[in-house]
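Note that the coordinates shown come from a computational prediction; the quantities given were computed from them, not determined experimentally.
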Amino acid sequence: MLDMPAPPPATADYAVVKRAIEFISTHWRDQPSIDEIAEQAGLSPSHFQHVFKRWAGLTPKAFLQAITIERARELLRDSATVLDAAYDVGLSGPSRLHDLFVTHEALTPGDYRRDDLTLQYGFHPSPFGEVIIIAAPRGMAGLGFVDGDREATLADMARRWPRARFARDDTVTAPYARRVFDPAFWRPDTPLRVVMIGTDFEVRVWETLLTVPMGRATTYSDIARKIGRPKAARAVGAAVGRNPISFVVPCHRVLGRSGGLTGYHWGLARKQAIIGWEAGQVRAA
DNA sequence: AGCAACAAATATC
DNA sequence: GATATTTGTTGCT
């Protein structure tokens with residue numbers, strides 16, 4: 001896959017962007033200028049602008065705009081109706097917002113325990129740093145971000161399927177990596193197959209997440225209401241956090257009721273990065 | 001027991 | 001008054 005004419009992975013750009021976002025999220029109070037941010041990221045202002053724009057599809061200023069609390073509140077304003085509308089539209093007909101189309105099947109822990117399941121995994125570049133992808137026989141089962149150590153990341157993922165056997169094979173997972181992170185592959189006629197392994201409650205939460213369009217957001221309590229457990233917001237939070245197929249199942253589009261980012265298993269900076277990147281993709285579409 | 005929550009109550013400026 | 005901080009409740013693993 002190294003000789004494949006794929007679009008530039010932008011992984012190197014992400015390192016710069018990540019540093020910038022971390023700086024911004026700790027210094028937003030003193031309204032840092034682009035020059036200051038560029039300096040923190042270790043690049044000249046003009047080079048920084050260029051790298052950033054290439055990665056995000058947005059200028060740093062527009063990106064900042066896209067990840068403020070105010071903007072988050074805007075996204076949330078009619079998040080409840082977003083969930084309702086998504087079910088009505090379904091996968092038929094062109095939706096206004098392009099997104100990754102997905103078909104899924106659910107498996108309870110008991111189901112997959114029956115067969116001696118072997119999961120294949122591989123490591124690939126992405127716009128948000130290196131990812132690990134887990135493939136089950138019937139579709140994609142997991143996606144996680146590598147922060148530093150591949151071993152630790154694999155262990156983190158493997159913990160979710162304690163009975164499964166793991167075998168590395170990057171050639172199996174490479175096609176998933178390509179189509180997940182390249183919007184050109186996001187077409188309803190070639191949906192991505194995913195396998196969700198979890199309890200009934202978890203799977204219902206993850207299914208609901210799949211109906212939140214790119215560039216939009218929802219809240220833990222809205223999801224709770226949507227699945228008919230209006231008081232289970234906290235349990236929803238736990239289930240969202242246990243989502244094994246991050247990015248594909250958009251757990252990064254779940255915010256606190258007041259627009260706060262709350263948590264992200266793979267780091268809040270990365271959550272912000274994905275939200276901002278998606279804002280850029282939506283604008284491009 | 002432990003959570004990636006939330007709303008209402010209370011304290012603080 | 002507007003905003004922090006605390007407290008009680010909540011459902012699922």
Close side-chain approach of A:Leu43 to A:Val16, heavy-atom, < 4.5 Å: yes
Value in whole Å for how far the P atom of C:dG11 lies from CD1 of A:Ile227: 12 Å
Quick one: A:Arg234 CZ to C:dG8 C1', roughly how many Å, whole number? 11 Å
Which residue, A:Gly256 or A:Ala235, contacts DNA chain B at a nucleotide closer to its 5' end, judged by nearest heavy atom? A:Ala235
Point-to-point distance, once rounded to the nearest 0.5 Å, from CE of A:Met196 to CD of A:Glu207: 6.0 Å
Please report, rounded to the nearest Å, how far the C1' atom of C:dT9 is from the CZ atom of A:Arg229. 17 Å
Just one of A:Arg216, A:Arg253, A:Lys271 clears the salt bridge (Lys or Arg N to Asp or Glu O under 4.0 Å) bar with A:Glu278, so which one? A:Arg253
With a 4.5 Å limit on heavy-atom distance, are the side chains of A:Asp189 and A:Phe101 in contact? no
Nearest-Å distance, CG (A:Asp200) to P (C:dG11)? 18 Å
How do A:Ser258 and A:Ala238 order along DNA chain B: which one's closest nucleotide is nearer the 5' end? A:Ala238
With a 4.5 Å limit on heavy-atom distance, are the side chains of A:Arg257 and A:Tyr220 in contact? no
Using a heavy-atom cut-off of 4.0 Å across all strands, would you classify A:Ala233 as base, sugar-phosphate, or nothing? sugar-phosphate
For DNA chain B, just give me the dot-bracket, please: Watson-Crick or G-U, both distances below 3.5 Å, ( ) intra-strand, [ ] crossing earlier pairs, | paired with another strand, . unpaired. |||.|||||||||
Which part of the nucleic acid, if any, lies within reach of A:Tyr220 when heavy atoms closer than 4.0 Å are counted: base, sugar-phosphate only, or nothing? base
Counted 5' to 3', the first and last nucleotides of DNA chain B within 4.0 Å (strictly under) of a heavy-atom of chain A are B:dC3 to B:dA7
Does some side-chain heavy atom of A:Trp277 sit less than 4.5 Å from a side-chain heavy atom of A:Tyr14? no
Do the rings of A:Trp55 and A:Phe52 sit parallel, tilted or perpendicular, given the 30° and 60° boundaries? perpendicular
Inspect the surroundings of CD in A:Glu105 and state if more than 12 heavy atoms from other residues, nucleotides or ligands are less than 6.0 Å away. yes
Between P on C:dC12 and CD on A:Glu202, what's the gap in Å once rounded to a whole number? 12 Å
Quiz: residues 227-250 of chain A side-chain donor-acceptor pairs under 3.5 angstrom, not counting sequence neighbours:
unit_1: A:Arg242; atom_1: NH1; unit_2: A:Glu202; atom_2: OE2; d: 2.3
unit_1: A:Asn243; atom_1: OD1; unit_2: A:Ile245; atom_2: N; d: 2.9
unit_1: A:Asn243; atom_1: ND2; unit_2: A:Val249; atom_2: O; d: 3.0
unit_1: A:Ser246; atom_1: OG; unit_2: A:Leu143; atom_2: O; d: 3.0
unit_1: A:Ser246; atom_1: OG; unit_2: A:Trp266; atom_2: NE1; d: 3.4

Mind calculating the distance between CH2 (A:Trp206) and P (C:dT13) to the nearest angstrom? 10 Å
